[in-house]
Amino acid sequence: MAYPLSATKLITYKQCPQAYSFKYERGLSSPSAFGSPKFGNALHGALADIYKDWNYAYPLPSLDWFAVCWQQHTGELTPAQIHEGWMALQLYYEKYVAPLPMIRKPLGVEAKLKASFQVNNIEFSLSGRYDRLDFTDDGLELIDYKTSKTIAPSNGIDLQLGLYYLILEQTYQKALQKLSLIYLRQGQKITFDVTPEHHQQVRELIGDMALKLRADQDWEPDVGGHCDRCGYQKYCPARSEKPEPLPEGTKRGRQVQLVLGL
């Protein structure tokens with residue numbers, strides 16, 4: 001059975017293998033840092049419908065089309081959220097749709113991706129999801145919509161680029177050229193170019209993880225500023241002189257079935 005990996009898992013592992021083990025190997029839950037997802041889900045759903053259901057026989061949708069799609073996703077929002085979301089969509093329309101001579105139909109909208117990758121005799125199943133995938137003159141471009149109130153550096157962006165490069169190369173036989181983050185509240189787009197280094201970094205990180213899985217599964221803690229925000233501090237020997245035992249019923253850790261190379 002293949003060992004499942006995602007960008008979130010890789011980012012967690014790179015930050016601290018011990019936290020990765022607590023969360024994914026042992027199945028411990030930690031407090032969530034996120035609030036209600038309803039506002040973000042509504043905006044993502046509206047943008048998905050805007051591109052998925054548009055009649056591409058016509059060059060550009062109108063702002064009325066945006067309004068129709070937005071109204072389909074406002075049922076669980078407060079009046080203030082409805083207004084704020086509509087302001088964000090109008091800003092998106094003015095910056096990224098109205099100036100175009102025509103819009104291209106995306107390769108995909110709100111879709112999941114899967115691929116496989118083998119290293120050190122262990123089969124990994126790679127998975128991810130995207131908001132929109134475009135085929136441009138340069139190659140593939142992933143679009144990720146952000147609904148946060150502030151623009152902050154994206155943690156683990158290099159790993160995301162490398163992982164999606166691996167997955168898209170298998171899925172479409174085309175190379176990922178760039179990943180663009182569109183901050184909907186601010187109307188700002190930040191684009192990252194994909195390099196061979198991103199590809200290599202992910203391969204090396206997965207290889208390191210494979211060695212741990214094959215050997216003693218000793219997930220060493222990595223101490224840093226992230227420790228203050230970690231929900232597993234009371235179990236961690238690097239943060240507590242007398243760490244608490246793991247709760248009863250905690251998983252013993254995944255038994256990985258090796259896929260032997262020929």
Side-chain angles (χ1 to χ4, degrees), residues 2-34 112-130 142 144 146 148 151-170 175-176 178-181 190-240 243 246 251 253-254 256 258:
Y3 188 88
L5 281 183
S6 64
T8 302
K9 283 188 171 184
L10 284 174
I11 292 167
T12 303
Y13 174 77
K14 184 182 181 184
Q15 183 171 270
C16 180
Q18 179 86 92
Y20 176 93
S21 175
F22 285 146
K23 184 172 184 178
Y24 296 110
E25 292 294 304
R26 310 305 296 272
L28 292 179
S29 60
S30 63
S32 174
F34 301 98
K112 294 180 180 179
L113 292 167
K114 288 186 178 181
S116 61
F117 181 72
Q118 186 172 321
V119 61
N120 291 328
N121 296 326
I122 293 181
E123 186 82 18
F124 292 90
S125 62
L126 311 179
S127 65
R129 60 162 300 281
Y130 60 81
L142 268 178
D144 190 11
K146 298 293 185 183
S148 55
I151 297 176
S154 292
N155 294 328
I157 193 70
D158 290 344
L159 295 179
Q160 291 184 54
L161 292 172
L163 183 71
Y164 279 106
Y165 184 102
L166 286 173
I167 297 176
L168 289 167
E169 191 176 42
Q170 282 194 30
L176 176 65
K178 52 191 174 182
L179 167 66
S180 293
L181 309 179
I190 301 175
T191 297
F192 301 88
D193 293 323
V194 182
T195 68
E197 287 75 21
H198 294 132
H199 192 191
Q200 185 61 29
Q201 184 181 18
V202 165
R203 286 179 171 271
E204 291 175 355
L205 195 65
I206 296 176
D208 181 56
M209 183 181 290
L211 290 176
K212 285 184 167 58
L213 290 168
R214 284 190 65 189
D216 57 3
Q217 300 194 29
D218 182 21
W219 309 91
E220 304 91 348
D222 190 353
V223 178
H226 56 271
C227 292
D228 294 334
R229 303 182 299 274
C230 180
Y232 304 113
Q233 295 186 56
K234 60 184 178 181
Y235 307 119
C236 180
R239 294 291 290 180
S240 175
L246 298 184
K251 291 190 297 186
R254 189 188 306 261
V256 177
L258 302 186

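The model shown is predicted, which means the values in this text are computed figures rather than measured ones. Every heavy atom of this structure was used, including side-chain atoms; hydrogens, water molecules and symmetry mates were not.
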Open item on the list: Measuring only between side-chain heavy atoms, which start at C-beta, is Gln160 closer than 4.5 Å to His198?
Closed with: no
- [ ] Check whether NZ of the Lys or CZ of the Arg Lys23 lies under 6.0 Å from the centre of the six-membered ring of Tyr13 and within 45 degrees of that ring's axis.
- [x] no
Donor-acceptor pair, side chain of [X] and main chain of [Y], under 3.5 angstrom:
{"X": "Arg239", "Y": "Gln233", "value": "no"}
{"X": "Tyr164", "Y": "Ala7", "value": "no"}
{"X": "Tyr20", "Y": "Ile11", "value": "no"}
{"X": "Ser240", "Y": "Cys236", "value": "no"}

Open item on the list: side-chain contact (heavy atoms from CB on, under 4.5 Å), that's the test. Do Arg26 and Leu246 meet it? Break it down for me.
Closed with: CA-CA 9 Å; Arg26 310 305 296 272; Leu246 298 184; 3.6 Å; yes
- [ ] Please confirm whether Phe124 and Phe117 have ring centers closer than 6.0 angstrom.
- [x] no
- [ ] Check the side chains of Gln201 and Glu197 for a donor-acceptor pair under 3.5 angstrom, ignoring hydrogens and angles.
- [x] no
- [ ] Using distance alone, with no hydrogens and no angle criterion, decide if Ser6 and Ser127 have a side-chain donor and acceptor under 3.5 Å apart.
- [x] no
TODO: Would you name the heavy atoms of Ile167 and Ala115 that are closest together and state the gap between them?
DONE: CA-CB, 3.9 Å
TODO: Mind checking the OH-CG spacing from Tyr165 to Leu176? Nearest 0.5 Å is all I need.
DONE: 8.5 Å
Open item on the list: To the closest 0.5 Å, what do you measure between CG (Leu161) and CG (Asp193)?
Closed with: 9.0 Å
- [ ] Assess whether side-chain contact (heavy atoms from CB on, under 4.5 Å) is satisfied between Glu25 and Trp219, documenting all intermediate values.
- [x] CA-CA 10 Å; Glu25 292 294 304; Trp219 309 91; 3.9 Å; yes
Open item on the list: If you apply the rule side-chain contact (heavy atoms from CB on, under 4.5 Å), what do you find for Leu179 with Ile157, and how did you get there?
Closed with: CA-CA 9 Å; Leu179 167 66; Ile157 193 70; 3.4 Å; yes
Open item on the list: For Leu5, run the side chain to side chain contact (heavy atoms under 4.5 Å, CB included) check against Leu166, Ile206, Val202 and tell me which one passes.
Closed with: Ile206
TODO: Let me see the working for Leu113 and Tyr130 under side-chain contact (heavy atoms from CB on, under 4.5 Å), right down to the final yes or no.
DONE: CA-CA 8 Å; Leu113 292 167; Tyr130 60 81; 3.7 Å; yes
